[in-house]
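Quick note on labels: first sequence line is chain A, next is B, and so on, each numbered from 1. Because the structure is a prediction, the values reported are computed rather than measured.
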Number of protein chains: 2
Amino acid sequence: MGKKETTIYDIARQLNLSPATVSRALHDHPAINRNTKVLITQKAKEMGYRTNTFARNLRRQRTNTLGVIVPRLNSYFMSTVLAGMEKVANEAAYNLIITQSLESAQKEIANAKTLFNSRVDGLLVSLAYDTEETEHFETYVKKGIPLLFFDRVLAHKQCTSIVINNEEAAFEAVTHLIAQGCRRVAHLTGDLRRNVYAERLAGYRRALTAHGLPYDETLVRTTDLSPEAGTEAAAWLQHLAPMPDGVFVANDSCAVSCIIALKQAGVQIPEQIAFAGFNNDPVSRVVEPNLTTVHYPGQQMGEIAVKTLINHLNGKESLDATNTIILRSELIARASSCRGKSL
Amino acid sequence: MGKKETTIYDIARQLNLSPATVSRALHDHPAINRNTKVLITQKAKEMGYRTNTFARNLRRQRTNTLGVIVPRLNSYFMSTVLAGMEKVANEAAYNLIITQSLESAQKEIANAKTLFNSRVDGLLVSLAYDTEETEHFETYVKKGIPLLFFDRVLAHKQCTSIVINNEEAAFEAVTHLIAQGCRRVAHLTGDLRRNVYAERLAGYRRALTAHGLPYDETLVRTTDLSPEAGTEAAAWLQHLAPMPDGVFVANDSCAVSCIIALKQAGVQIPEQIAFAGFNNDPVSRVVEPNLTTVHYPGQQMGEIAVKTLINHLNGKESLDATNTIILRSELIARASSCRGKSL
DNA sequence: TTGAAAGCGCTAACAA
DNA sequence: TTGTTAGCGCTTTCAA
């Protein structure tokens, strides 16, 4: 591997200064002569010096690194969140170590451990599908490492969460379907151990009740919300008797594949079945008819999550008081649910 | 922050052993007594010990961390690549520090520098739109830090690249359009400084020539390939006289929005204009008619990139001999380009 | 404004 | 199989 690294000792020797002075100059210490500083900076560049982050971290007991655990990297929503996180972290000179649990609690535990050993200054988590125990986060809490959950969060904890109001968003979506004339609304959801799905179900249920419609649990189907699940759900919908006249799906990609399968089977959307999805994924604007959905501010969520965490680390803003940050979501009505002429 | 950290010294003291023995036990050193090892492992767990990665890295002069620079995190293709990278890296106990250049050469340079200072063991790069100079990678080459480009790569360099055969893929796509009867094929491309777009253009051109069609540069439009660019391109296409009867677009999301805009304007797809895109993005299977496209093995590319890099780092396989790894891509013909009855 | 010196926690060469 | 010991490169207290 190439030549030996230049250290502050090398620079110090060349300049007949002490390593301490070099260290100070390189990190804008106030008590340092302007000229000395220029001299050192120049020499450092000339010699190809680069900070040894380990030595520095070892000494300072800080890493300037944040850990991230997400269920999957390659979903539209998540990659948007990550883009926001990276942006803010980068601007604040923090590194991001990103890991994915692939929806497995076991991998989530392993990742939490690895990141813990990597001595991240803080951790950002969106939970896997099947996480039940949360022992693996206790180590962080105990060490006083700030822990921030986003999207798929943990209830009843002393850590901060960033979410949208899923219950309300679902309520609005279903209310909208009902306003369009739906009287028998089905719901495709994900694993109910996750707040996002449980809350959307609750919103669905409340909307039905609020408009005098019965809650019928045979109209609720739990799936993994994949496109394949959408296709299967299309068959399921057609076998329900009578067929529902509206469907609220907890994510867009599943909704879209469901619509496509139904159309192939000759079902009219929205005339026979009206649809509403969730996330405002790009596919929602491509499917025909365009999918009504809930806009989920992913990039913003990522930005705020990291900003909040870093502010906390810098002592600018304590997280201890903040329990939950709720971002604004928004229903976007499109053709998949609109039966009137007005839209 | 919490209590003081447990070190191997603490464990050693409690067990009346030397730190060296503890260190060995904790890292599966061969010359260690089975019982001693069990003892130490247990004690370590009991005391809540965690490896201090800095101290370890500082000593070993290795970080087990790879740096990644991508143009954007939140594109379907890129998030798929990253998912593959994370999977392999994680399995091999490597961390991934992911950064995005946001298509800016300047940010790419800054990120390269940061990652360099983070002492990554290797770097994976897909170039920004407007990168011209590549000085910022020279530091890596000089230090002997392996550098691996993927997708948007650098020509004529002594580093390894992982790509697909863009020229050939484009040739096939355009040949397919011609086989469907297109005689006046337009092309929407990206910044031609990037190999992927230059090569796709070359393939487009070769296909025309191979089938006796003239190359007309007024039919080639350079854009940023965003959905918005697709919408604008739709207007442009309609103003060309005569209107082209086929379009090859260098990415799917741009192609899809172009199709949508054309349909709104009353243009029949594929009867009046046949379309082929690139990437096999999910939207390609949602748009109507479904978009003919080139399947790009993103996940696989990410996996192979990291696997190759790690093998090199472990001395299992040298990269010095390997200049380019070419993955297989595949044309997927769908309704957007098929005029015959056969499909 | 600068310097001397200690030590962050770990690993590896050498010794026993 | 285990122990001794010397740093890896940096920051920081204390002293000058």
Side-chain angles (χ1 to χ4, degrees), chain A residues 1-41 43-44 47-65 93 116-121 143, chain B residues 1-41 43-44 47-65 93 116-121 143:
Chain A
M1 298 260 180
K3 312 141 196 180
K4 270 250 290 294
E5 294 281 344
T6 306
T7 71
I8 51 171
Y9 284 89
D10 301 326
I11 300 176
R13 207 174 308 120
Q14 293 251 338
L15 257 31
N16 257 321
L17 286 167
S18 79
T21 307
V22 175
S23 169
R24 289 184 185 112
L26 259 21
H27 292 289
D28 291 321
H29 189 100
I32 199 90
N33 186 293
R34 270 186 73 77
N35 300 328
T36 324
K37 188 178 153 185
V38 172
L39 208 66
I40 291 175
T41 322
K43 197 70 177 176
M47 298 178 69
Y49 170 79
R50 58 171 174 167
T51 307
N52 185 321
T53 320
F54 310 128
R56 183 151 208 253
N57 287 340
L58 177 58
R59 202 32 238 244
R60 305 203 332 165
Q61 310 279 38
R62 250 187 101 162
T63 67
N64 263 66
T65 298
F116 187 70
N117 285 336
S118 295
R119 292 276 208 287
V120 294
D121 288 340
K143 286 274 186 222
Chain B
M1 298 261 177
K3 311 142 195 179
K4 267 249 291 294
E5 294 281 345
T6 305
T7 72
I8 50 172
Y9 285 90
D10 301 327
I11 300 176
R13 208 174 309 119
Q14 294 251 339
L15 258 30
N16 259 318
L17 287 167
S18 81
T21 306
V22 175
S23 170
R24 289 182 187 115
L26 259 21
H27 292 288
D28 291 322
H29 189 99
I32 197 90
N33 185 294
R34 269 185 74 76
N35 300 328
T36 325
K37 187 179 155 188
V38 172
L39 207 67
I40 291 175
T41 322
K43 198 70 177 178
M47 299 178 68
Y49 170 79
R50 57 171 174 167
T51 307
N52 186 321
T53 321
F54 311 128
R56 181 149 209 255
N57 288 341
L58 176 57
R59 191 47 230 244
R60 305 203 330 164
Q61 310 279 41
R62 255 187 96 161
T63 67
N64 265 69
T65 298
F116 187 70
N117 285 336
S118 295
R119 292 271 205 293
V120 293
D121 289 339
K143 287 271 185 224

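Computed from coordinates, the B:L17 CG to D:dG3 C1' distance equals 10 Å when rounded to whole Å. Rounded to whole Å, atom C1' of C:dC8 lies 13 Å from atom CZ of A:R60. One interatomic measurement links the two molecules: NE2 of B:H27 to P of C:dA12, which rounds to 9 Å at whole-angstrom precision. When the P atom of D:dG3 is taken as reference, atom CD1 of B:I40 falls 8 Å away, rounded to whole Å. Note: NE2 (B:H29) to P (C:dA12) measures 9 Å, nearest angstrom. Going from atom CZ of B:R59 over to atom C1' of C:dT11 covers 4 Å, rounded to whole Å. For the pair B:N57 CG and C:dC8 C1', the interatomic distance rounds to 14 Å; values are reported in whole Å. Here the P atom of nucleotide C:dA12 and the CD atom of B:Q61 are 11 Å apart, to the nearest Å.
At C:dA4, none of the side-chain N or O atoms of A:Y9 fall inside 4.0 Å of OP1 or OP2 (strictly under the cut-off). Remark: B:T21 is not in phosphate contact with D:dT1, judged by side-chain N or O atoms under 4.0 Å from OP1 or OP2. For the pair B:T36 and D:dT2, the criterion of a side-chain N or O lying under 4.0 Å from OP1 or OP2 is met. The shortest distance between the side-chain N/O atoms of B:T7 and the OP1/OP2 oxygens of C:dG9 is not below 4.0 Å. Under 4.0 angstrom from either OP1 or OP2 of D:dT11 there lies at least one side-chain N or O belonging to A:R56. Taking 4.0 angstrom as the limit, A:S23 places a side-chain polar atom (N or O) nearer than this to OP1 or OP2 of D:dT11.
When all heavy atoms of B:R24 and B:I32 are compared, the pair lying nearest together is CB-CD1, 3.9 Å. The two atoms that bring A:T21 and A:I40 nearest to each other are O-CD1, 3.9 Å, heavy atoms only. Nearest approach of B:N52 to B:F54, heavy atoms of both residues: OD1-N, 2.9 Å.
At a cut-off of 3.5 angstrom, the base of C:dG3 holds at least one donor-acceptor pair with the side chain of A:R24.
Note that the OG1 atom of B:T36 and the CG atom of B:L39 stand 7.0 Å from one another [nearest 0.5 Å]. To the nearest 0.5 Å, atoms OG (A:S23) and CG (A:L17) are separated by 12.5 Å.
When distances are taken from the side chain of A:L58 to each of D:dG9, D:dT1, C:dC10, the shortest belongs to D:dG9. Closest contact between the side chain of A:N52 and the listed nucleotides C:dT1, D:dT2, D:dG9 involves D:dG9. Of the candidate nucleotides C:dT11, D:dT11, D:dT4, D:dT11 has the atom lying nearest to any side-chain atom of A:I8.
Each of A:P19 and A:P30 was matched to the nucleotide of DNA chain C holding its nearest heavy atom; the match closer to the 5' end belongs to A:P30. Along DNA chain D, the nucleotide nearest to B:S18 and the one nearest to B:R119 differ in position, and the one closer to the 5' end is contacted by B:S18.
Among the heavy atoms of the strands lying under 4.0 Å from B:I32 are primed sugar atoms or P, OP1, OP2 only; no base atom is included.
A side-chain donor from one of A:D121 and A:T63 sits under 3.5 Å from a side-chain acceptor of the other.
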